[in-house]
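Only one structure is covered here, and it is reproduced in the block below.
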Amino acid sequence: MENQFIRHEPCFERILFVLTLDRKKMKERILIGEEQQIRFRLNGSQNAEVLCDMTRPLGTFLINFERDTDRDWNLYGLSPLRQALHSNRWKQPELEQAASEFLWGKYLSNDPLKMYVAFRIWNSYLLAREPRDRNAACDRFMDKMSRLTGVFQNESMSFDRETGKPKHFQAGSLYFKGAPSEDTRLDLWFPDNRRTEECVSAYASLYPLITYYLNRLNDWGLCFRQCKVCGKYFLAKSQRYELCSDKCRKAQALQNKREFDERARENNYDLLYKNECQNWRNKINRVKNTAGFPADRLEKMQAAFSDFKKEALQRKKAVKTGTASPKEFTDWLYLQSNVIVRLTEY
């Protein structure tokens with residue numbers, strides 16, 4: 001099966017996008033190719049010729065689904081080919097080259113969805129070149145491919161933002177009411193004696209595939225979560241999961257250790273401050289009970305203690321904001337011990 005984006009003999013077989021979900025292993029498997037070859041591959045034949053056979057974490061298809069809000073697929077992928085079908089043979093190479101570069105870039109992305117749509121567009125263009133009536137063939141080409149790429153303009157990962165639960169796609173939605181029957185078709189391949197999991201295959205449209213995926217996740221009680229470290233979405237068995245991978249778990253553990261060490265340093269200088277305050281209070285209370293201690297000296301000690309606390313609070317704030325170091329604060333505290341000692345001598 002040729003997949004270079006140049007003129008060659010088109011593939012006349014239906015190229016399917018096949019999906020199988022493994023709830024136990026939390027994996028998804030995507031295969032692209034002719035039905036018979038995919039069935040051989042699913043039954044364990046590694047010699048079967050397919051365009052793609054990829055296994056990824058469950059939910060990746062929906063999370064990484066292509067978004068085309070700027071309609072680049074139409075602008076750079078379909079439009080040049082449409083013009084080529086209506087142009088003379090001297091203008092066609094330049095238009096084909098423009099579309100080929102865009103589609104080839106999508107195909108090389110290693111994303112099964114982009115690979116599938118890019119291949120389908122180019123192969124459908126080659127097929128549209130076959131009939132004598134190019135205008136009718138072009139209309140059919142644009143109609144089918146526009147419906148295939150139209151899904152890129154909608155949100156595929158539909159879920160409740162509070163619970164993370166995927167939302168059931170309703171078959172009675174406006175899309176399913178107005179779409180051609182071919183676009184709502186999804187073939188279900190039940191497990192057999194060698195294959196233990198069910199598969200679904202899509203061809204004309206990817207909407208039914210999204211419907212199937214979301215409904216399965218909802219039935220299994222899985223939910224979408226956003227990783228608190230990297231910010232990426234992932235699929236989890238409950239809402240208590242907050243980290244998407246071992247890499248993020250290690251990063252979070254390192255951050256927790258940093259925060260613990262920071263709290264330990266903060267608690268240390270805060271404890272020294274509290275001890276120094278208590279030292280001042282003890283000395284002031286002692287001289288209060290000392291007969292004949294000068295009253296004016298006691299007032300100076302109390303005023304000095306009030307000034308000490310005000311300046312200490314400012315210095316603590318500077319440490320917390322990072323404009324001063326804990327060592328500078330503790331060194332200053334040790335110097336203040338000498339102040340109260342001098343005031344108690346008479």
Side-chain angles (χ1 to χ4, degrees), residues 1-17 30 32-34 51-52 61-62 64-156 174-176 178-186 201-210:
M1 185 188 303
E2 292 188 75
N3 56 9
Q4 295 182 0
F5 287 37
I6 57 176
R7 285 191 194 178
H8 57 73
E9 183 72 14
C11 174
F12 293 95
E13 298 291 333
R14 286 166 66 98
I15 303 302
L16 302 179
F17 190 98
I30 295 174
I32 301 172
E34 299 174 13
L51 287 175
C52 174
F61 172 76
L62 296 175
N64 295 342
F65 201 87
E66 176 81 334
R67 292 301 308 276
D68 186 26
T69 54
D70 294 330
R71 304 179 70 85
D72 287 345
W73 282 88
N74 285 343
L75 186 60
Y76 303 112
L78 291 177
S79 184
L81 297 180
R82 178 182 179 277
Q83 294 178 49
L85 289 171
H86 288 297
S87 301
N88 58 47
R89 61 181 179 177
W90 291 281
K91 294 182 180 180
Q92 288 174 3
E94 182 180 355
L95 294 167
E96 290 174 357
Q97 179 67 22
S100 174
E101 290 177 357
F102 174 79
L103 296 174
W104 186 241
K106 294 293 185 180
Y107 189 86
L108 294 179
S109 67
N110 202 37
D111 182 290
L113 178 61
K114 297 177 186 176
M115 292 173 63
Y116 179 71
V117 176
F119 177 86
R120 283 286 309 281
I121 289 175
W122 187 257
N123 192 66
S124 296
Y125 168 72
L126 297 178
L127 291 171
R129 288 177 50 82
E130 297 289 316
R132 275 183 173 277
D133 189 349
R134 285 283 183 86
N135 291 332
C138 179
D139 290 342
R140 290 193 298 271
F141 163 72
M142 289 300 298
D143 181 54
K144 290 182 179 181
M145 293 303 100
S146 296
R147 297 205 305 265
L148 187 64
T149 59
V151 69
F152 294 154
Q153 270 127 73
N154 297 314
E155 178 63 58
S156 61
L174 293 176
Y175 169 75
F176 287 100
S181 59
E182 186 183 16
D183 287 7
T184 63
R185 176 176 175 175
L186 188 72
S201 69
Y203 178 74
S205 173
L206 296 167
Y207 275 112
L209 200 67
I210 299 171

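In this chain, numbering begins with 1 at the start of the sequence shown. Worth knowing before you read on, the calculation uses all heavy atoms, side chains too, and leaves out hydrogens, waters and symmetry mates. The model shown is predicted, which means the values in this text are computed figures rather than measured ones.
The nearest pair of heavy atoms linking A128 to A137 is O-CB, 3.4 Å. When every heavy atom of C11 is checked against every heavy atom of I15, the shortest pair comes out as SG-CD1, 3.7 Å. Across all their heavy atoms, Q153 and R67 have their closest contact at O-NH2, 4.0 Å.
Heavy-atom contacts from other residues, nucleotides or ligands closer than 6.0 Å to NZ of K144 number 12 or fewer. Annotation for R185: atom CZ does not count as buried by contact number, only 12 or fewer foreign heavy atoms lying within 6.0 Å.
Taking the side chain as every heavy atom from C-beta outward, P10 and E130 approach each other to under 4.5 Å. Contact check for D68 versus T149: no side-chain heavy atoms found under the 4.5 Å cut-off. Using a 4.5 Å heavy-atom cutoff, the side chains of L85 and Y125 are in contact. Residues V151 and S205 are not in side-chain contact: their nearest non-hydrogen atoms beyond the backbone lie 4.5 Å or more apart. Annotation: side chain of R82 is in contact with side chain of C138 (closest heavy-atom distance under 4.5 Å). F141 places none of its side-chain heavy atoms less than 4.5 Å from the side chain of L127. L148 places a side-chain heavy atom less than 4.5 Å from the side chain of M145. You'll find the side chain of I121 stays beyond 4.5 Å of the side chain of Y107, heavy atoms only.
Between the NE2 atom of H8 and the CH2 atom of W122 there is a distance of 8.0 Å, given to the nearest 0.5 Å. The CG atom of L206 sits 11.5 Å away from atom CD of E66, with the distance rounded to the nearest 0.5 Å. Taken to the nearest 0.5 Å, the CD atom of E13 stands 5.0 Å off from the CD atom of E34. Taking CZ of R129 as the start and CD of Q92 as the end, the distance is 5.0 Å to the nearest 0.5 Å. Note: S146 OG to R71 CZ = 8.0 Å, rounded to the nearest 0.5 Å. The structure places CG of N135 at 5.0 Å from NE2 of H86, a figure rounded to the nearest 0.5 Å.
For the pair R120 and Y203, the cation-pi criterion (under 6.0 Å, within 45° of the ring axis) is fulfilled.
A side-chain contact (heavy atoms from CB on, under 4.5 Å) with F152 is found for exactly one of T69, D72, L113, N74, namely L113.
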- Does the side chain to side chain contact (heavy atoms under 4.5 Å, CB included) test come out yes or no for W73 and L103, once each step is laid out? CA-CA 8 Å; W73 282 88; L103 296 174; 3.9 Å; yes
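Under the 30°/60° scheme for interplanar angles, the aromatic rings of Y76 and F102 are found to be tilted.
F17 meets the ring pair (Phe, Tyr, Trp, His ring centres under 6.0 Å) test with F61, Y116; sequence neighbours excluded.
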